[in-house]
Amino acid sequence: MSKILVTSALPYANGHIHLGHLVEYIQTDIWVRFQKLSGRRAIYLCADDTHGTAIMIRARKEGRTEEALIGEMSQAHQRDFAGFDVAFDHFGSTHSDANRKLCGELWQALRSAGRVVEREVTQLFDPQAGVFLADRFVKGTCPRCGTPDQYGDSCEKCGSTYSAVELVNPVSTLSGARPEVRSAQHLFVTLEPLHDFLTGWTQTPGRLQPEIANYIAGHFLAEPLRDWDVSRPAPYFGFEIPDAPGQYWYVWFDAPIGYMASTQEWCEKHGEKLEDWWKDPDTRVVHFIGKDITYFHTLFWPSMLRAAGYNLPDRIQVHGFLNMRGEKLSKSKGTLVSARGYLDAGLDPQQLRYFYATKLSARVEDIDLNPEELSAKVNSDLVGKVVNLASRSARFLEKTGLSAEYPDDGGLFRAAVEAGTEIRDAYEVFDFARAMRVIMALADRANEYVDRMEPWKLKKDPARAKDVQDVSSVVLNLFRQIVVYLTPVLPRLAEATEKLLGAPIKSLDDANAPLTGTPVAAFSHLMERMDPKKFEALVVPEPTPVADAPTEPADDGAALAAEPLAPECTIDDFTKVDLRVARVVAAEPVPEAKKLLRLTLSLGGGVTRNVFAGIKAAYDPEQLVGRLVVMVANLAPRQMRFGLSEGMVVAAGPGDKEVFVLAPDAGAKPGQRVH
RNA sequence: GCCAAAGUAGCUCAGCUGGUUAGAGCACGCGCUUCAUAAGCGUGGGGUCGUCGGUUCAAGUCCGACCUUUGGCACCA
């Protein structure tokens, strides 16, 4: 029998699960439950992603071992997932024996295939701590957007990636020292030998969503694939590379292998073999991931698997991000609501599952959570329509049970059986929103039926007791049918329905035949309405340290905290930098650039400099002309796409619209040096 | 600027390979109902389907150009 192996991306052990993470785990869980309820053999595997510098730094700060940190986080993650009914068959850890062994095996395979090369890498080195600084050990100003206090690999603000060596004003987070540039040997995995294979593999219809396949083709496959740096020098929290002492596998090397390690552990518990899941052509491997990690999963991961002769993913299902009220989740706005916070507020996890289901399609679109919409949708659909059907019928049947024969319902039950085809199809192709729409239409038909039959009128006439039983039996069966279809999304409602009717729900086929002649338990509410205030209370903006009142000087230290002082320098260091007063004689936007103004600066006596400055968002060119500014006059010229930049205008602020060009007081003359 | 995606009722969206007067939910107006967790049912208003042009007997649906939005990339020495 064919098997399906499903994974969600591994959550990083550096933080707690929030509502944004849950989109993926709930999406995956719904799909896996659907597969299982369809009688397919499926397992859902995941693990904590535990390695890397961030974990090491955090453990150091907290004064404990990495193992203690990741152990605690794993417990918290699993508790949160369980709270949302995300039912992994196994949840492992990348810091496991199974993973270490598999990493070794894949590594050997890459070595044997001649795909590992060694090369010198220039990296930042901390002279005080005596170690090379991995990206997460160094902070500085983003070389792209100018945001201070960013790590060495990418900028949180503008999302660009760069090398740590490019950081402006880099500072070691270990010692506070200014790092120097040194070189070390690194190990790389070559990808270019698999270029043609990857082109074919990623462009196979059904493998990736079309927009993802296009993205990969356009961004990576159009030119030679670059080698992938997979080693990091000590100190590093991870696995030491067996044949390269002092070198560790980069966290992104061992993380996806964690999918296999988790499978391995599951197999050991269930007397199965890893090969039957990862080498058997009858197994479909399906990865659910967020759009941010597309390239690891579509280029690196398949090329690793192929080298070692394992199954390649059959499908990589990419989802977008969660926004709240149309904006990115953010700590400062309080919209980064934790999974735990949601549960502790007494909100119903099923309701979030349902809401996500109504929003999720096969597309890579961001989904928006609007708190008003959340409660309106849940209350109207689940409570007002679906659960209401049970409220409207079950009480009439507590004494009599369901009718011995299924009454004539005008074809409603039959029609809903037929709708099952479309519902199954929609689940299968990840279009949960469509499945939910079809199911809710069934609930509408059922409510109309109740209205038409008016059982409350029949009830008044003792002679028509049988009619009351029949009508209620129809309604309760229609309700159960809907619940069966919703079981992948709402497992708890399914359980409660099993108890109410004394009949198990083990398969979507349980929707195909009505129950007859069976007892109905005493009815109690199956779902609470969502109180929008409870959710609102979770969205608590962090108090902003920046004062809004323009009259009050905001000398609150926020800027200093964001960008700590650079290491001490000597007067000689300072005098190397030749700062001069200059007058802006011309300023114009660079039309092809988003952030640049072209400035012509006069140093007096006819000496002018052409400077490109990233201040377009903050200044209109006209208001700059005639102004005095301070420039770095002896900076090495830099060739840019738009021309030669011969200096730098001195300015403060984090970037974007918050840029403040320094100006000398009146009386200063162009060409004067700043001492 | 380049690449990608998207622009359909106030809001969130559905409209498959082109085919009757463009749909749903929420919200709003009116009416009915009371079995049900102020739930339910009926009914009404509301859209030049981003703009312009083209293909076609027929276009929200195909083609082209443009506009707007959102990502990503380049650019901030």
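Model, not experiment: these values are computed from the prediction.
The separation between A:Asp368 atom CG and B:A5 atom C1' is 17 Å, rounded to whole Å. As a whole-Å value, the separation of A:Phe321 CZ from B:G72 C1' is 11 Å. In this structure, the CD atom of A:Glu422 is 10 Å from the P atom of B:G15, given to the nearest Å. One can place CG of A:Asn610 at 11 Å from P of B:A77, the figure rounded to the nearest angstrom. As rounded to whole Å, 16 Å separates atom P of B:G42 from atom OH of A:Tyr449.
Within the 3.5 Å criterion, the main-chain N or O of A:Gly410 finds no donor-acceptor partner in the side chain of A:Tyr449.
Annotation: of the two residues near RNA chain B, A:Arg445 and A:Met648, the 5′-most nearest-nucleotide partner is A:Arg445. Summary of the strand contacts: A:Lys291 and A:Asn379 both lie near RNA chain B, and taking for each the nucleotide with the nearest heavy atom, the more 5' one is attributed to A:Asn379.
Under 4.0 angstrom from either OP1 or OP2 of B:G40 there lies no side-chain N or O belonging to A:Arg392. For B:G15, neither phosphate oxygen OP1 nor OP2 lies less than 4.0 angstrom from any side-chain nitrogen or oxygen of A:Arg437. Here A:Ser380 does not reach the OP1 or OP2 of B:G25: none of its side-chain N or O atoms lies under 4.0 Å away.
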Dump the intermediate steps for side-chain hydrogen bond (donor to acceptor under 3.5 Å, both in side chains) on A:Asp470 and A:Ser403, then the final yes or no. CA-CA 6 Å; A:Asp470 281 352; A:Ser403 299; 2.6 Å; yes
Criterion ring pair (Phe, Tyr, Trp, His ring centres under 6.0 Å) on A:Tyr485 and A:Tyr427, from CA distance to verdict: CA-CA 10 Å; A:Tyr485 290 142; A:Tyr427 273 126; 8.6 Å; no
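Taking a pair to require two hydrogen-bonding distances under 3.5 Å in either a Watson-Crick or a G-U wobble arrangement, B:U20 remains unpaired. Across all strands shown, B:C73 is found opposite B:G1 as a Watson-Crick or G-U wobble partner, with both distances under 3.5 Å. Under the Watson-Crick or G-U wobble criterion, with both distances below 3.5 Å, B:G7 is paired with B:C67. Base pairing of B:G29 is made with B:U43, judged by Watson-Crick or G-U wobble geometry with both donor-acceptor distances under 3.5 Å.
Relative orientation of the A:His297 and A:Trp252 rings is perpendicular, given thresholds of 30° and 60° on the angle between their planes.
A:Lys377 comes within 4.0 angstrom of no nucleic acid atom, judged by non-hydrogen atoms across all strands. Residue-level contact check: A:Leu597 touches neither bases nor backbone, having no heavy atom under 4.0 Å from any strand. Residue A:Gly320 is out of contact with every strand shown, counting any heavy-atom pair closer than 4.0 Å. Contacts of A:Met527 with the nucleic acid, taken as non-hydrogen atoms under 4.0 Å apart, include base atoms.
Cation-pi geometry between A:Lys377 and A:Tyr354 is not satisfied (NZ or CZ under 6.0 Å from the ring centre, within 45° of the ring normal).
Within residues 425-436 of chain A, no residue approaches RNA chain B, by heavy-atom distance under 4.0 Å.
The environment of A:Glu528 atom CD is sparse: at most 12 non-hydrogen atoms of other residues, nucleotides or ligands sit within 6.0 angstrom.
Using a 4.5 Å heavy-atom threshold, the side chains of A:Leu476 and A:Leu500 count as touching.
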